[in-house]
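Keep in mind it's a predicted model, so treat the numbers as computed, not measured. Numbering starts at 1 and runs along the sequence shown.
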Amino acid sequence: MNISLLSAAPANSFGFMEAMEQGGFVAWFILGVMVIMSVGSFYILFTKLFEQQKVMNQYKAVRTNFWRTNSLKEGATKLEKNSAWRQLVDDAVAAEEKHAKLNDKLEAHDWMHGSLQRSEDSINAKLAGGLPFLATVGATAPFVGLLGTVIGIYRALINIGMAGSASIDKVAGPVGEALIMTAIGLLVAVPAVFAYNWLQSRNRRIAELLSGFSTDLLANINSNGSIKPMTATSTKTAAKAAAGRTVPGAKPAAGTGTTTPKS
């Protein structure tokens with residue numbers, strides 16, 4: 001008797017595909033939206049990371065080669081074309097050419113500063129492109145998953161009401177769909193939030209470097225090229241010169257300075 005009952009029991013299969021099939025068009029649509037969010041987030045993460053790293057690597061050429069030249073125009077040839085640093089230099093040279101047409105020195109300084117500031121803002125805006133999408137995904141993906149969760153639970157309650165009992169074969173599919181949607185929403189949102197915060201911190205570092213380079217350009221122009229920041233090469237040279245003036249291992253006697261021979 002027990003064997004016949006077991007053989008007559010319905011064979012139910014529960015899994016991701018079965019839960020999605022029971023959810024129908026709404027479940028597949030919500031899943032598709034979250035897949036698009038996830039793919040877009042990772043695409044922005046890798047592309048912006050590559051762009052930021054390229055800008056930081058180009059800054060090494062600014063420190064080592066640019067300030068060793070005799071003029072800004074000559075230094076611009078040492079930088080890569082279409083780079084952020086080349087854009088700042090080109091805008092500074094263009095502003096300097098118009099600088100002589102201004103009679104008031106204060107207005108001339110404000111003109112130069114404003115021109116470089118506009119160039120910085122355009123570079124920072126380009127680097128920040130795509131980050132609002134990451135912020136939107138991080139803020140909305142859990143709620144999109146929650147929508148699927150609510151629909152799944154609603155379908156489970158309908159099945160319970162139609163069957164008159166909360167049997168596992170009636171509620172497992174909708175409840176499983178609800179839990180899957182919640183998990184997917186979190187899996188999409190958490191990487192997007194981490195990526196947004198990380199890229200923002202790197203953008204702030206690049207903005208600091210751009211602001212410092214812009215200040216150096218302005219000082220160089222206003223001083224007719226006499227003011228130049230210390231480059232990486234000159235820093236190493238100064239350190240070697242300072243080390244050469246000291247004798248390794250030599251210790252002065254305690255309480256004594258230089259001694260003079262007695263006559």
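Pairs engaging residues 192-220 under the salt bridge (Lys or Arg N to Asp or Glu O under 4.0 Å) rule: Arg205-Glu208 [sequence neighbours left out].
Partners of Asp91 under the side-chain hydrogen bond (donor to acceptor under 3.5 Å, both in side chains) rule, at least two apart in sequence or in another chain, are Ser119.
Here Trp85 contributes atom CH2 and Asp90 contributes atom CG; the two are 14.0 Å apart, rounded to the nearest 0.5 Å. Gln200 contributes atom CD, which lies 10.5 Å from atom NZ of Lys48 (distance to the nearest 0.5 angstrom). Considering CD of Gln87 and CG of Leu210, their distance stands at 9.0 Å, rounded to 0.5 Å. Between the CG atom of Leu45 and the CH2 atom of Trp198 there is a distance of 6.5 Å, given to the nearest 0.5 Å.
Residues Leu186 and Val39 fall into different hydrophobic clusters, defined by Ile, Leu, Val, Met, Phe, Trp and Tyr side chains chained together at heavy-atom separations under 4.5 Å. Both Val35 and Leu147 are assigned to one and the same hydrophobic cluster, defined by single-linkage of ILVMFWY side chains at heavy-atom distances under 4.5 Å. Residues Val190 and Tyr43 are members of separate hydrophobic clusters, defined by side-chain heavy-atom contacts under 4.5 angstrom among Ile, Leu, Val, Met, Phe, Trp and Tyr.
Residues Met34 and Ile30 form a side-chain contact, since some pair of their non-hydrogen atoms from C-beta on lies under 4.5 Å apart. Here the side chains of Lys54 and Glu80 are in contact, with some heavy-atom distance below 4.5 Å. When side chains are defined from C-beta on, Phe46 counts as touching Phe42, because their heavy atoms get closer than 4.5 Å. Inter-residue side-chain proximity for Arg86 and Lys81 is flagged as met; some heavy-atom pair is nearer than 4.5 Å.
In terms of heavy-atom proximity, Leu199 sits nearest to Gln52 at O-NE2, 3.1 Å. The minimum heavy-atom distance linking Ala76 with Phe66 is given by the pair N-CE1, 3.8 Å. Taking every heavy atom of both residues into account, Ser83 and Gln58 meet most closely at CB-OE1, 3.2 Å. Between Val89 and Leu72 the shortest heavy-atom distance is CG1-O, 3.7 Å. The two residues Ala84 and Ile123 have their closest heavy-atom pair at O-CD1, 3.4 Å. The shortest heavy-atom contact between Ser41 and Met37 is OG-O, 2.8 Å.
Put simply, the residue from Leu209, Thr64, Ile206 that forms a side-chain contact (heavy atoms from CB on, under 4.5 Å) with Tyr59 is Leu209. Considering Ile184, Ile36, Ile180 in turn, Ile184 is the only one that fulfils the side-chain contact (heavy atoms from CB on, under 4.5 Å) rule with Leu31.
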Side-chain donor-acceptor pairs of residues 126-146 under 3.5 Å, sequence neighbours excluded:
unit_1	atom_1	unit_2	atom_2	d
Thr136	OG1	Pro132	O	2.8
Thr140	OG1	Thr136	O	2.6

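With hydrogens and angles ignored, the 3.5 Å screen pairs a side-chain donor or acceptor of Thr215 with a backbone N or O of Ser211. Using a distance-only test at 3.5 Å, with no hydrogens or angles considered, a donor-acceptor pair links the side chain of Thr47 to the main chain of Ile44.
Side-chain N/O atoms of Gln117 and Asp121 include a donor and acceptor closer than 3.5 Å.
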What verdict does the side chain to side chain donor-acceptor pair (under 3.5 Å) test give for Asn124 and Glu120, after you've listed the backbone C-alpha separation in whole Å, the side-chain angles of each residue and the deciding distance to 0.1 Å? CA-CA 6 Å; Asn124 291 328; Glu120 287 182 50; 5.0 Å; no
